[in-house]
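See below for the structure under consideration.
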There are 2 protein chains.
Amino acid sequence: MKTKTKRVTILEVAKDAGVSFSAVSKVLRNAYGVSDALRERVNTSIKKLGYSPNMAARGLRGRSFVIGVVFPDMRNPFLADIFTGISSALQRTPYQAVRGIAGHSSETDLTQAMIDMQMDGIILVSSGLSHEQLTDSGARIPLVIIGNRPPAPTTFDTVNNNDEQSGRLVIAHLAKQGAKRIAMLSLESPTAMRMRERGYTMGMEENGSAHFGTIMRAPKLSRGLYSGIEALLEKRPEAVFCWCDEVAFETISHARANGLRIPEDVAIVGHDNTAYCALDQNSLTSVDQSGEQIGLNATKLLIERLEGRRECEQILLQPRLVVRRSSTIHA
Amino acid sequence: MKTKTKRVTILEVAKDAGVSFSAVSKVLRNAYGVSDALRERVNTSIKKLGYSPNMAARGLRGRSFVIGVVFPDMRNPFLADIFTGISSALQRTPYQAVRGIAGHSSETDLTQAMIDMQMDGIILVSSGLSHEQLTDSGARIPLVIIGNRPPAPTTFDTVNNNDEQSGRLVIAHLAKQGAKRIAMLSLESPTAMRMRERGYTMGMEENGSAHFGTIMRAPKLSRGLYSGIEALLEKRPEAVFCWCDEVAFETISHARANGLRIPEDVAIVGHDNTAYCALDQNSLTSVDQSGEQIGLNATKLLIERLEGRRECEQILLQPRLVVRRSSTIHA
DNA sequence: GCAATTTCGTGCAACCTTGCACATACAAGG
DNA sequence: CCTTGTATGTGCAAGGTTGCACGAAATTGC
């Protein structure tokens, strides 16, 4: 009953094919010095026995061909877009992706765990880690950071949306429609938010309404925000710029519950242009930062790193505003 | 420049502590036969050198203490609830969780990859694999299935919502309000959906409106559904029961866009009671199947398995209807 | 005080793979 | 026919850990 089905190893394949196990290894790695005949024979045996290499053993010796992706949570659908990009970039490569979610275990723990599992490299999304911690991690393992733009990284690559531009786009759009009292709901942690706030502030200054510069920060994406939104709406802003769509949806909900019309009483703008924005009940204006592009680029950078690049690289992508009813004050 | 910072190994810890490396291993595994003094000394060295065991090497020999979780996609927030449950169940155990997303790579590939990575066990969520495939996988590695209820599993455990009950709850609720023409939007793949459909059908029969039993199935959660929803709404059902909240939100969007009032013209009910249901713009009636409980139970079962249990176990959780405005026809 | 038992540590094989150094065979060049 | 070269395959160490078998010392029993 306890048929703990022994794994088929490279050795058994070798025996079956009647060659040395080194030869099998060569075929697997398609290394130099194997005749077509041998390759054929080995491949047949592999298929016959249903062999697949043990990643742990492989990782112990050289590369594991597994890369880790660390997300801050799994509730934000924008992260799904990023992952789509990562997956498709990995499509024609020998690499596999594995994901971890911070939030429960800490980000440092998770990163360490991934190093322990012999991952070849890590993509860290919207990390709350300090510049110092990132530098440290980057020294230990090839690292690409998404959504966090420290001044001058020396040990890792970054891919970011131009968050400053995001903020300015939104404010410019709202200002053009006459809005002056524009509030922002932001987030404490990733430094990308600081950039977005900067864009907001600059936009407000250009707009001549710097006096209303109201930024409210939450520690992280969570339900607890509600009370903050309540308080914010009581100040009666003409518009609210939310750091992500999910918060914007909540803001819409709250505005409606308080009898405010959208966009007449309060215009609302989100960020990320996730799928739900297009739903009629939301019809949310949002800044599109193609998550897929971001994921794609990050993966490209990481693979380049793994192939040997040593200098750091930074990619900045340009956002694009998608206007919908939630901010179309004058229809 | 290429300071590929060598990992600290168990050997260096041993040297630092002035003991054999086997002794260090004993401390790590807190095995029998270590004095407090030695334990102390080793732990100090571990901390001093910042040592952490190499999981790959560990996995090569015995258990890796990593379990894999396979999700069908990462867009459904209900999965986040499940993961929360899994994480908290893992909290006080030595196990770590790692996640993979099917959809790009196939589920079988992913499962195989996890076996290759020496994971100790796997939790498979809403898998589309056949009973046969599951049985096969279960024979190779400890396996718990969530959201898929094959007749009589022999090699794996299952945790499920009572989906039949879900369907009946919904129909009973709608029927009580006088609805007769109730449609259902379902999904092809996991067998759990068949159960939910069964509940719907039984409910419709009890309700005396079996003649309208309209079930529309999509291959998987995706945008493409839209056309199907259009067609369905044209049949003018009094209510639509959607297999998950996301589809319900889309249905709401479509109904609104077509000038239908909710719930007067068409009532809408979702499933999973995800966070967005409570938003004012959705206010979606939904069946609550505590994802957290499901994740918790699945993890418990898996750990029991890893600790040696051999008989299969099946857990069935009872759902609960949460009524909101989207189905409150007579306010 | 000697044997028996317990407690604490050490030695070493095994896990499965990679990748280099090496052996063999066969062809071509002189 | 011997030398050199190339193509193909084999042998083996190494990688970091676990866990068992085994010594050595300390404790106990009588």
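Sequence lines set the chain letters: A, B, ... in the order given, protein chains first and strands last, and positions in each chain run from 1. Below, all heavy atoms of this structure are taken into account, side chains as well, without hydrogens, waters or symmetry copies. Just so it is clear, the model here is predicted, and its values are computed rather than measured.
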B/Leu38 CG to C/dC8 P: how many Å, rounded? 10 Å
What about B/Lys26: does its side chain form a donor-acceptor pair under 3.5 Å with the base of D/dG19? no
Nearest whole angstrom, please: distance from the C1' of D/dG15 to the CZ of A/Arg63. 16 Å
Need to verify one output field. Residue with the more 5' nearest nucleotide on DNA chain C, B/Arg39 or A/Arg29? B/Arg39
Send over the distance from B/Tyr32 OH to C/dT10 C1', rounded to a whole Å. 16 Å
Describe the nucleic acid contact of B/Gly33 in one word from base, sugar-phosphate, nothing, applying a heavy-atom distance below 4.0 Å. base
With a 4.0 Å cut-off on heavy atoms, is B/Ser22 in touch with a base, just the backbone sugar-phosphate, or nothing at all? base
Measure the shortest side-chain to side-chain distance between A/Ser290 and A/Asp81 over non-hydrogen atoms and say whether it is less than 4.5 angstrom. no
Just how far, in rounded Å, is P of C/dC15 from CD of A/Glu12? 11 Å
Once hydrogens and angles are ignored, does a donor-acceptor distance under 3.5 Å link the base of C/dT18 to the side chain of A/Arg61? yes
A/Ile10 CD1 to D/dT10 P, in whole Å, measures 12 Å
Please report the distance, rounded to the nearest Å, between CZ in A/Phe21 and C1' in C/dA14. 14 Å
Please determine whether side chain to side chain donor-acceptor pair (under 3.5 Å) holds for the pair B/Ser64 and B/Gln118, giving the CA-CA distance in whole Å, both sets of side-chain angles, and the decisive distance to 0.1 Å. CA-CA 6 Å; B/Ser64 66; B/Gln118 297 291 105; over 6 Å; no
Could you tell me the separation between the CG atom of B/Leu60 and the C1' atom of C/dC15, rounded to a whole number of Å? 4 Å
Give B/Ser25 one of three labels, base, sugar-phosphate or nothing, depending on what nucleic acid heavy atoms sit under 4.0 Å from its own. base
Pair A/Arg41, A/Ser45 - check side chain to side chain donor-acceptor pair (under 3.5 Å), show working. CA-CA 6 Å; A/Arg41 203 138 46 92; A/Ser45 290; over 6 Å; no
Tell me: NZ of A/Lys15 to C1' of C/dC16, nearest whole Å? 15 Å
Given D/dG9, is OP1 or OP2 found less than 4.0 Å from the side-chain N or O atoms of A/Ser35? yes
Step by step, work out the side chain to side chain donor-acceptor pair (under 3.5 Å) result for B/Ser127 and B/Glu107. CA-CA 8 Å; B/Ser127 161; B/Glu107 277 181 291; 3.2 Å; yes
From the candidates C/dT17, D/dG16, D/dT18, the one with an atom nearest any side-chain atom of B/Ala57 is D/dG16
Quick one, B/Thr9 and B/Asn54 - any side-chain contact, counting heavy atoms below 4.5 Å? no
